[in-house]
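Scroll down for the structure; my scribbles are underneath it.
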Amino acid sequence: MTGRRLLFGGDYNPEQWDEDVWSEDIALMRDAHVTTVTLGVFAWGFLEVDDDVWDWDWFDRIIGMLAHAGIGIYLATPTAAPPTWLHRAHPEIIPVDRRGIRFHAGGRLGWCASHPTWHEYSTRIARRLGERYARHPAVSMWHVGNEFGGGNRLCYCEESSAAFRAWCRARHGTIDALNRAWGTAFWGLRYRSFDDVSAPLASESGTNPSLLLAYDRFASDELLGQFRRERDALRSAGATQPITTNLMLAVGGSVADYAQWTDDLDVVAIDHYAQAADPHREREIAFVASRARGLDRSAPWLLMEHAASAVNWQPRNTPKAPGEMARHSLQHIAHGSDGALFFQWRASAAGVEQFHSGMVPHAGTDTRHWRDVVALGSLVDRLGEVAGSLVAPTRTAIVADIPAKWAWEEAQPPLPGLPIEAESRRWHEALSARGLVPDVVAPQADLMAYELLIVPGMYAVSDAVADSIADAATRGATVVIGPLSGIVDEENRVRVGGYPAAFRALLGVFGEELHPLQEGDAVTLSSGAVVADWAERLRVVDAEVVDRYASGVLAGWPAITRRNVGDGSAWYVSGLVVEGFDDLVGAVVSASGVGAAVPVLDGVEAVRRVGDGASWLFLINHSAAPARVPAVGVDLVSGDRVEGDITLAAGAVAVVREDATS
Ligand code: GLA
C-alpha cells in the first residue's frame, strides 16, 4: 500500500494572473499538499492566439514549474472556451436556440457539437496539444473539454438538423418505423421521408414528446461524439495517459445519458456543487456520489470539481460552514472517489465567476478558509493508502435513468413539474439511514448483483429493461417498483392496456387510471400512511394487497401490492407516500433480508472501502452533537488507536483502518 496517494488540487487558470503570482501559487500548492492541477481548461485564446498561430512559451513555463514542484497535471483540451477570433471568423459554430436565434460570442461553450467547422478547429487544438505534451512526464491525465453540454446541450441550427436526420435514420431504418414509434398520426404530422424531420424548433402549440425525447438522446450522442473526436485526436498524437471528462451528476442535472458514456472514459470523473439552500445537502452529495460509483463499479472514480466554499450562481451564495468543506470532500472519498479536486485553485478577480470561491480566497492566506484548505490537504495526504480501494459491494441499488427523466419532462404528463428524480433521492436517504449504502445505477447495470432493487420513477422503459428488472426478481431479489414507472416505452409512447404496462405482469396488477392529486390534498392509506401528489386507481390480478387507499375517491382500492416471483418478490407502490415512508422502507428491507452493512447512527454517515485485504470505515458526523460509533482499528485522521468505539465530535470525521477480523 505504500506510495499510494489520493488526489488533491483543482482547476488552475494561471493565464488569469501575472507571472509573478505563479511562483507564489506553486509555493502555496506545496503548503496545501496539492498533488494535481487541471490546466488549460479555458486557455485556448492564449495558446492559439490567432488562426493557426501558436504561443506555447508561457504554457511550457508553467508546466515546467509545476513539474519541478512534483505537481501532476491533468491537461485540458481548452475546447470549452473557443477564442474570440474563432467566433469572429466562424459565428456559424455558435449554438442556435429553439426559436432559431443564434447566440453571440462572449460566453463559453459557444459551439455546436454537430458543426463540421467546429469539428475541424476543436480537433486541431486537441491534436496540437497532444503532439506537444503527450510525452511530458508531469501530464498524468487528459481532461477533454469541460462539462460537455453545460449551456450548449441543444442546438437547433441547420447542421444539427441534418445530423439529427442521419441519427433518426440509423435508429429507425425507415420513415414508417419512425412514424409508428413517434405516433405521428397525432395532429396529422406524418413524415413522408427523413427530409421532413428536423430539430424540434419552437412551434406555436407544443411539440411531439417522442421527437423531444429523441432530440435529447441525439444531443447526448453528439456530445459524446465530440468527446470521442478530441480523445481520438489526442491518441493519434501519441497520448498514452488516461483520458476523461467531467460529468455533471447533480440532482436535477441531466445533460447527457452518461450510462452510454462510461465505456469511453478511462476514469469516471464528476463535478458536484452542493446547494447552499438545501438543509440536507450532505444527503444529496451521498446520492450523487453513489451514482458516480454506480457508473462503473469496477474502479474508483474521481471528484474532478467541487467548491471550496461558496459558488456564484445560486440565489444566495452562503460560504460553507467551518468543517463543511472537509466533510463534503471526505464524503466523496468515502463513496469511492480517489481524491477531492476543486474549481478552482485561486478565486478569480474578474469575469463571470469572480465571486466563486477558490482554494486560495480573495482575502489571501491569513484566513480561516486557507488554513482549512491546508488542513484538508494534509488529511487527504494521510489517507493515501485508501487510493485504489472500492466501496464495499452492497446488496442494495436504486435504478435511476436519465432518459426516463427526459421522457417525463418532455411530455405534457398528468402532473407537470413533479420532480421525478426526487423519489430516487428519498429512497436513497431512507436506505442510507438504515446502513445499506445503496448504489445508484442505470438500468443497463448488472442488476443481478443486488438483493434489493428499488425502481422509482422509471417512467419510460424499454422491453429489455423491463425484462432485466423482472429477471432480478425471479432470481431472488426484492424488487420495488415505485410510482410513475413503466408508463411509456423508450420512444415516449404510452404503453396501453393498463398501467404500469411495462411491469404489469411482474407485479400482477392492473392500473385503470393515473390519479394525480391537487396540491395540498392527501389520501390516507389503511396503514395510516399518507399519499400526496400522485395516486393510481389500481386493482390486483395476481398479487397480495399490502395497503389500500382509505380516503377520498380511491378509498378501498389497492395502493401497495406484493407478489412472489420465482425466488424473489415484486412490490408496487402506486402513490407517493409522504407519511409512513420509513415504515414502508422498513417493510421492504426486512422482506429482502438485507441487513445494515455499516454502523447506524443518527446524523453519522458511515461508508466502508475495501481493497487488498484491508478495509477503511469512513465516519462523517453531519450532526451538531457528538456521537459514539463502534469501530476497531486505527483512525487515520487523528492517528489514534480505536478500541471498541470512537467518539466523533459534532461535525468531525474519522477514517478507521479496521483490524483484520480473520
Ligand atoms: C463548473 C465548471 C467550472 C466552473 C464551476 C462553477 O463545474 O466546470 O468551470 O464554472 O462550474 O461552479
Side-chain angles (χ1 to χ4, degrees), residues 7 9-17 36-46 74-83 106-111 141-153 223 226-227 230 244-256 258 261 265 267-278 281 284-285 288-289 291-292 301-320 324-325 328-329 332 337 339-362 369:
L7 302 169
D11 278 23
Y12 181 36
N13 298 308
E15 67 277 11
Q16 293 180 14
W17 300 93
T36 313
V37 295
T38 303
L39 193 68
V41 174
F42 303 114
W44 190 344
F46 284 79
Y74 288 176
L75 204 51
T77 61
T79 47
R108 66 183 204 190
L109 289 166
W111 48 265
M141 185 143 79
W142 293 91
H143 179 296
V144 172
N146 191 63
E147 293 196 339
F148 274 81
N152 64 341
R153 176 168 88 96
L223 292 170
Q226 178 63 26
F227 170 82
E230 294 184 42
T244 192
T245 189
N246 43 348
L247 311 180
M248 293 178 277
L249 292 187
V251 169
S254 49
V255 294
Y258 290 133
W261 290 50
L265 306 175
V267 177
V268 169
I270 72 155
D271 295 348
H272 184 267
Y273 291 91
Q275 291 288 337
D278 180 348
R281 47 196 176 272
E284 200 252 352
I285 292 174
V288 169
R291 187 174 218 172
W301 52 279
L302 181 61
L303 176 65
M304 189 69 94
E305 285 181 27
H306 67 321
S309 189
V311 299
N312 67 309
W313 42 264
Q314 292 174 8
R316 288 168 186 252
N317 297 297
T318 307
K320 291 188 179 177
E324 194 175 355
M325 170 181 61
H328 289 185
S329 296
H332 287 285
S337 172
L341 305 179
F342 293 90
F343 174 85
Q344 59 177 332
W345 164 249
R346 190 182 275 277
S348 298
V352 172
E353 298 183 318
Q354 64 188 154
F355 290 107
H356 195 293
S357 62
M359 297 169 78
V360 183
H362 288 154
H369 176 79

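Start at 1 and go down the list; that is how both ligands and their atoms are numbered.
The CG atom of L249 lies 6.5 Å from the CZ atom of R291; values are rounded to the nearest 0.5 Å.
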Requested in this report: Walk me through it: do N246 and I270 pass the test side chain to side chain contact (heavy atoms under 4.5 Å, CB included)?
Outcome: CA-CA 5 Å; N246 43 348; I270 72 155; over 6 Å; no

Report task. Give the intermediate values and the outcome of side chain to side chain contact (heavy atoms under 4.5 Å, CB included) for residues Y273 and H356. Result -> CA-CA 11 Å; Y273 291 91; H356 195 293; 3.8 Å; yes

Query - Chi angles and distances behind the side chain to side chain contact (heavy atoms under 4.5 Å, CB included) call for N146, F42 - result: CA-CA 9 Å; N146 191 63; F42 303 114; 3.9 Å; yes

Requested in this report: Dump the intermediate steps for side chain to side chain contact (heavy atoms under 4.5 Å, CB included) on L223 and W261, then the final yes or no.
Outcome: CA-CA 10 Å; L223 292 170; W261 290 50; 3.7 Å; yes

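Taking every heavy atom of W313 and a limit of under 4.0 angstrom, the matching atoms of ligand 1 come to 6 (C), 12 (O). For ligand 1, the atoms lying closer than 4.0 Å to a non-hydrogen atom of E353 are 4 (C), 5 (C), 6 (C), 10 (O). Close approach of ligand 1 to F42 is summarised as follows: ligand atoms under 4.0 Å from at least one heavy atom of the residue are 9 (O). Heavy-atom contacts of H356 reach the following atoms of ligand 1: 6 (C), 12 (O) (cutoff under 4.0 Å). Here is the list of ligand 1 atoms found below 4.0 Å of a heavy atom in N146: 2 (C), 8 (O), 9 (O).
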Taking distance alone, no hydrogens or angles, what donor-acceptor pairs closer than 3.5 Å link side-chain atoms of residues 10-17 to residues at least two apart or in another chain?
from, atom 1, to, atom 2, distance (Å)
Y12, OH, D25, OD2, 2.7
N13, ND2, Q344, OE1, 2.7
Q16, OE1, S348, OG, 2.7

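When only non-hydrogen protein atoms are considered, atom 3 (C) of ligand 1 lies nearest to E305 OE1, 3.4 Å. Looking only at heavy atoms of the protein, atom 5 (C) of ligand 1 is closest to Y273 OH, 3.5 Å. For atom 9 (O) of ligand 1, the closest non-hydrogen atom of the protein is R108 NH1, 3.1 Å.
Ring-centre distance between H306 and H328: not below the 6.0 Å cut-off.
Every heavy atom of Q344 sits 4.0 Å or more from the atoms of ligand 1.
If you look at H272 next to ligand 1, there are no close heavy atoms at all, none under 4.0 Å.
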